[in-house]
Amino acid sequence: MNDIIIETKNVSKAFTIGGEEIKALNGVDLKVAGGEFISIIGPSGSGKTTLLNLIGLLEQPSGGTVLFQERDVAKLSERELDNLRLNKMGFIFQTFNLMANFTALENVLFPMEIARVPEKERLERAKELLGNLGLSKRMRHKPKELSAGESQRVAIARALANEPLLLLADEPTGNLDSTTTREITALLQQLNEEYKIAIILVTHDIQVARAASRTLQMVDGRLDISHSQ
Amino acid sequence: MFKRMLLIKLAARNLSRRRARSILTIIGVAIAIAFTVTILSISEGLMVSFENSIAKQGADIVIVPKEAEAYPYPDVAAFVGSFPEELLDEIEQLENVKTTFPVFTAIPMDFMPDKPGAMPILYGVTPEYFPEVAPYLELAEGRYILGSDVYTLTAGFGIASVAGLSLGDSLEFRGKSFEVVGILESSGSMDDGMLYTPIKGLQEAYSKPGQLTFVPVKVNDISQAEATAREISDRWPVVSAQTQKSLVDKFTDLMGIVEAANVGLSTVALLIGILFILSTMIMAVGERVKEIGTMRAIGIRRSLIFQMIITESLITSLIAGIIGCLVGYLLSQGIAYILSEFFGLTYFAPLVNARIFITGIIIAIVVGVLAGLYPAWRISKTNIVQALRYE
């Protein structure tokens, strides 16, 4: 259970913007164990989202290595990366990113459909997840009929659909009011405790970050060990 | 199977999300395809009836007045001139000429004032004309004209049905009353629009006794027909003689032009369809960058996104294709109905065959795939991180 899911070794990421090279990440070493809840805080532009994107296998580092369950992700094919994201990871976004023309239930079913979970099983699971998240009565509603908090809970249910090892949340409370922020934060904590899912949470809200068992601070593309706890 | 169902479901969802735009696009493409199907069936129908009219004729050579040289057809000849029938006695002296069939044609201009298109050709012939030159004309009822008749007529199927002719009716031309003694079966050729009368009676009615406008000729040696036709034209400058083969060749040339026009038309329909769907798809994809980025992040393959967009485009164009074919079919039937009911052009039947339908559907499929390729390629290669950041 406490095996290392993901490890970054001296990773860096550089972008060229207007002919000028910008180092978004500059030698980051991070190990995330199974069941761990880590939050990453830092000012905008400090590289939090870039780090999350690398961990989420959405892009490759310019330098260093990212190991997913001890496999160097640079050596994986696009298809293998797609499969890892589909089956081992769940994503939660600041803007929820639900499929507008799908109901709440269909949004949760979708990743399972892609992963070819049998129809009966996926329907049971989707209903169970939505029920656990207090959305039993909102299953047939489309995203535009849901409140922000409900939308984010649907997105969390979708992220959990394929029973991932790791949940990646990029500013999940960025579009929520303070009450809903507390709800979603508590929910993440509960998921981590009950389901033993590892969570990496990127936020600039200290209160939200405190929900994690470990908080890392990012400054100028580096993890600032001294301020991390 | 699983994937195809999923793709169709996704595409249907996306199409119904932007319902108004999908419907407009489908209408646009359907119009282009309906138009093509209509024109194709009408032109094929025309071709077949021309072909029936020309290729079935039992003559080897036709003689028309010199003035009708460029268009050696009986209706044209009726307008432009005539020549004396004594000429036939001389022409029959030629070694290769076997038989000549004197024909005098006239066109009654005010036959049915309420149906301006119901313009029959009065075809003055001898009784031999039917078995020898037009053996394909069969009687539906009554009889062919006889050598002893003067003011009788045997009506073509089309003109008989438009004018509501039945046996025993009388039709008046230039003050002479012609009795309907026979009605022909439909031949699918222009002969359906003709009224056959004894040549003598018609010449008298039109005050052109002894004048001919059109003479089918049979020869002994078909390989010499061309030389014989040339000889006739050279020796009797008032007439022009042309072989049946040269008429068929002219027709084949015409058909080539029509075919080329059809290909051009289908291409235009294709381009219109592609542009319609392409613009809709580019817009649709542009609105979904973030959603597609999310799908990619969740783990959905690039190839599935690509196929999803193509499926969307293909569904749009296939619906348009099916509607277009049906509307095109109805439209060509409607045009045929109007032409026969109000203009009397009954020999003209639009040909709606499987080939035309298949052409319509193929255009739709090509449109769907081609119009989907670019948007599908563009969106599927989008960088996930950039797509997620897209607003």
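Atom set for the values below is all heavy atoms of this structure, side chains included, hydrogens, waters and symmetry mates excluded. All chains are named by letter (A, B, ...) in the order of the sequence lines, taking the proteins before the strands, and each is independently numbered beginning at 1. Just so you know, these numbers come straight off a predicted model, no measurement behind them.
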What's the separation between atom CZ in B:R301 and atom CG in A:L86, rounded to the nearest 0.5 Å?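 So the CZ of B:R301 and the CG of A:L86 are separated by 8.0 Å.
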CD of B:E291 to CE of A:M99, rounded to nearest 0.5 Å, is 5.5 Å
Which atoms of [X] are under 4.5 Å from chain B, going by heavy atoms: the side chain, the backbone, both sets, or neither?
X: A:E78; value: side chain
X: A:E106; value: side chain
X: A:T50; value: neither

Specify the closest pair of heavy atoms between [X] and [Y], including all atoms of both residues, with the distance to one decimal.
X: B:R302; Y: A:D82; result: N-OD2, 4.3 Å
X: B:I298; Y: A:P111; result: CG2-CB, 4.0 Å
X: A:F91; Y: B:A297; result: CE1-O, 3.2 Å

Any heavy-atom pair between the side chains of A:F102 and B:L10 that's under 4.5 Å? yes
Under 4.5 Å from any heavy atom of chain A - which part of [X]:
X: B:I384; result: side chain
X: B:R17; result: side chain
X: B:R288; result: neither

